[in-house]
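Quick note: numbers below take in every heavy atom, side chains included, and nothing from hydrogens, waters or symmetry partners. As the structure is a computational prediction, the values presented were derived from the model and not from experiment. FYI, the numbering just counts along the sequence from 1.
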Amino acid sequence: MHKAINKLAAVAAIIVVVAAVLVFTLPQLQPTSTISSTTSSTSFTTTSSVTTTTTMSSTTPTSSPPVTQKVLRIAIGIDADTLDPHAQTTTLISNIMEFMTEPLFFYNQKGELVHYLAESYSVSPDGLKVTVTLKKGIKFQDGYPLNATAVKLTFDRLLNPKVKVPSRYLLDALNSTDIVDTYTVRFNLKYPYAPFIRTLTTWYIISPSAYQKLGEENLGKTPIDIGTGPLRFKEWVKGDHITLSRFDGYWGGPVKFEEVVFKIVPEAQTREAMLLSGEVDIVYQPPPADLPKLNNTPGVKLAINPSTRVMTVNINTQRGPLKDVRVRQALNYAVDKEALIKNVLFNLATLADSPVYPAFFGYSPQKVYEYNPEKAKQLLAEAGYPNGFKVTLMVPTGRYIFDRQVGEALQSYLSKIGVTVELYTPDWPTFVQSLIGQNYTSTPWELCYVGYGMTTPDADAVLYSVFHSSQWAPGKFNTMFYKNEEVDKLLDDARREVDENKRLQMYAQAQNIIWNECPWIFLYFQNFVLAHSDKVHGLIVYPYETFDIRQVYVA
């Protein structure tokens, strides 16, 4: 989405590889291999004892492989809260949406910016106008041609305050979108914004005619023929499955199966059993404890990749004892993060020393809060809570690696410093509503175990969306209701600063303040794990928790 950052040359390759949570690979760039036990071609490393990943190639098969299965079956842990492509808050559901709808740009497996629906782009000398020319001959699933009208409608909708767009903060710099001609659009910015092209990988272009037919009410429920992707919406049975069918008119060539069924199976052990029995072909996040066994199970292959997802415990900084920074610091000292990674996650994570992923522009490492329950008790006593207090910890089930077990471990750690924790474990749609759909007085929790997988490799995307006071929930991602005027100013200024060295300094200062004020219990960066049948070929797994099935066949 933008050029590699000069000051981070050592990690530039990683920066662009992880440039989008929602990533696509052009058909001519798809790898032909299946996942196997090989050396990773990315710059990421894994802490797991099972080091399997995708072998990548830049060629396509010379002949069509034999196809013996018409339906691809994938077991996932959660249901969707919405199928509106612009209202996504969950990487997994966004990953499903990307098979129906597509963006203007994406990054390929080499970390190179690839023009997807866009043919080219240019930026004016003052940085205030970004002009994008579209590819010709692409059609939406309803037959409407991809053109400037579709792009303008998409971005007008994204800017419409009446439409729910949780990631709208990425478009704060966008003022308007103009149609230049049939295949050219111009984005008019309020101020120069370096990551703007990056953000365009986030937004899926939708069909004006399908949108008009569906209306706002139905777009998130039955997004029929809404995109240009290889799969079209067929059915959503809440709590059971989401089914997509093949779009034979796909501009990149039709997929090799007639349907894809995403089966909703919250329990990891059940998903694993379904894979072993042949009931499904691919499993999202199998049980970590079983990975060594699965790695040696005939007919099963694993993909284990580090990911950019940072796992935290959000702290409602506006409620009760948690208003006191000493209490929030005490919670950080109370949790043995290294033991949590080793004993609960089976080393499928790396310790976080910043809210920003190390490969992102603006990352500044901090001193990790060591495990020190005595210091935690001292801080609680200084804050006036020598006997502790009671809180509710909200934890999802089936979304993250061993999420329920992590919640129970956190409950145990906090009990040792006198903090009584009640666990609240709703289903995923309820979890999302309870997280970003409430204000600070109405949340049914004081603490929330959650992960953030950001869309662009820039500290702005991480820090602004989560810690700026303008981004308080409901409807936004600052669900800690954290506010610091100095942090706000640093993040505001950094968005408009064109000098990269000054931006780095601003982000370093902001991270230091945030780290000391503890709106999170800072935990770790979680790995991404898939298991699949060895009959599945052509699957691509990326380190930002997404996978691509455009070239998959089961034979």
Side-chain angles (χ1 to χ4, degrees), residues 47-48 76-78 265-273 284-292 309-316 319-322 327-328 330-352 368-373 376-377 380 387-432 434-435 443-452 479-480 518 520-529:
T47 57
S48 170
I76 60 178
I78 58 169
V265 185
E267 294 299 327
Q269 295 286 354
T270 305
R271 296 197 296 274
E272 177 186 39
Y284 188 92
Q285 302 286 26
D290 291 351
L291 295 186
R309 179 170 299 281
V310 59
M311 300 302 302
T312 81
V313 175
N314 283 7
I315 302 173
N316 187 334
R319 186 174 291 180
L322 302 176
V327 171
R328 302 196 298 270
L331 299 185
N332 270 278
Y333 284 116
V335 178
D336 190 341
K337 289 99 170 179
E338 292 182 341
L340 198 60
I341 291 170
K342 180 180 178 181
N343 300 325
V344 180
L345 298 180
F346 294 85
N347 288 322
L348 293 175
T350 55
L351 195 64
V368 174
Y369 287 90
E370 76 272 15
Y371 178 51
N372 191 335
K377 291 178 184 178
L380 287 182
N387 300 316
F389 50 89
K390 295 181 179 180
V391 292
T392 296
L393 169 63
M394 184 169 73
V395 180
T397 300
R399 175 63 185 97
Y400 309 115
I401 297 175
F402 270 176
D403 39 22
R404 173 65 188 242
Q405 290 85 342
V406 170
E408 292 170 350
L410 292 169
Q411 182 183 46
S412 175
Y413 279 126
L414 295 184
S415 71
K416 294 176 182 179
I417 65 167
V419 177
T420 302
V421 176
E422 178 183 353
L423 291 182
Y424 171 46
T425 57
D427 60 29
W428 184 250
T430 304
F431 179 94
V432 172
S434 299
L435 179 65
T443 60
W445 52 273
E446 285 76 37
L447 306 175
C448 177
Y449 176 66
V450 66
Y452 292 87
T479 57
M480 306 83 61
C518 296
W520 285 356
I521 299 178
F522 302 99
L523 295 177
Y524 42 77
F525 293 100
Q526 174 184 280
N527 286 4
F528 180 45
V529 186

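In terms of modelled atom types and a separation under 3.5 Å, the side chain of R319 and the main chain of T443 share a donor-acceptor contact. Using a distance-only test at 3.5 Å, with no hydrogens or angles considered, a donor-acceptor pair links the side chain of E446 to the main chain of T392. Between the side chain of Q411 and the backbone N or O of V421, at least one donor-acceptor pair lies under 3.5 Å. Side-chain atoms of K390 do not come within 3.5 Å of backbone N or O of E422 as any donor-acceptor pair.
To the nearest 0.5 Å, atom OG1 of residue T479 and atom CG of residue L435 are 4.0 Å apart. The line from CZ of F525 to CG of L348 is 16.0 Å long, rounded to the nearest 0.5 Å. Distance check, rounded to the nearest 0.5 Å: OG1 of T397 to CH2 of W428 gives 10.5 Å. Between the CH2 atom in W520 and the CZ atom in R328 there is a gap of 14.0 Å [rounded to 0.5 Å]. How far OH of Y449 is from CG of N314: 11.5 Å, rounded to the nearest 0.5 Å. Taken to the nearest 0.5 Å, the CG atom of L322 stands 6.5 Å off from the CG atom of L331.
Side-chain contact between I76 and V265 is absent, with no heavy-atom pair separated by less than 4.5 Å. Residues V529 and L291 have side chains in contact (heavy-atom distance under 4.5 Å, counting atoms from C-beta outward). Within the 4.5 Å cutoff, side-chain heavy atoms of E272 are placed close to those of P287. Residues L345 and Q526 have side chains not in contact (no heavy-atom distance under 4.5 Å, counting atoms from C-beta outward). Contact of the Y413 side chain with the I521 side chain is not registered, since no non-hydrogen atoms from C-beta on lie closer than 4.5 Å. Using a 4.5 Å heavy-atom cutoff, the side chains of V419 and L380 are in contact.
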Quick one: do V391 and T420 satisfy side chain to side chain contact (heavy atoms under 4.5 Å, CB included)? Show the steps, please.
CA-CA 6 Å; V391 292; T420 302; over 6 Å; no
Evaluation steps, side chain to side chain contact (heavy atoms under 4.5 Å, CB included), between E408 and V344:
CA-CA 10 Å; E408 292 170 350; V344 180; over 6 Å; no
Could you walk me through whether V335 and V313 pass the side chain to side chain contact (heavy atoms under 4.5 Å, CB included) test, one step at a time?
CA-CA 11 Å; V335 178; V313 175; over 6 Å; no
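Note on ring orientation: taking the six-membered ring where Trp is involved, the planes of Y369 and F522 are parallel (angle under 30°, cut-offs 30° and 60°).
Of all the heavy atoms in M480 and Y452, the pair that sits closest is SD-OH, 4.3 Å. When all heavy atoms of K337 and L523 are compared, the closest pair comes out as CG-CD2, 3.8 Å. Between S434 and M394, the shortest heavy-atom contact is CB-SD, 3.6 Å. Contact between V310 and A352 at its shortest, heavy atoms only, is CG2-CB, 4.4 Å. Minimum heavy-atom separation, R309 to R399: NH2-NH2, 3.2 Å. For Q269 against D290, the heavy-atom pair with the smallest separation is OE1-OD2, 3.3 Å.
Within 6.0 Å of CD in E267 there are 12 or fewer heavy atoms belonging to other residues, nucleotides or ligands.
For Y424 and F431, the ring centers are positioned 6.0 Å apart or more.
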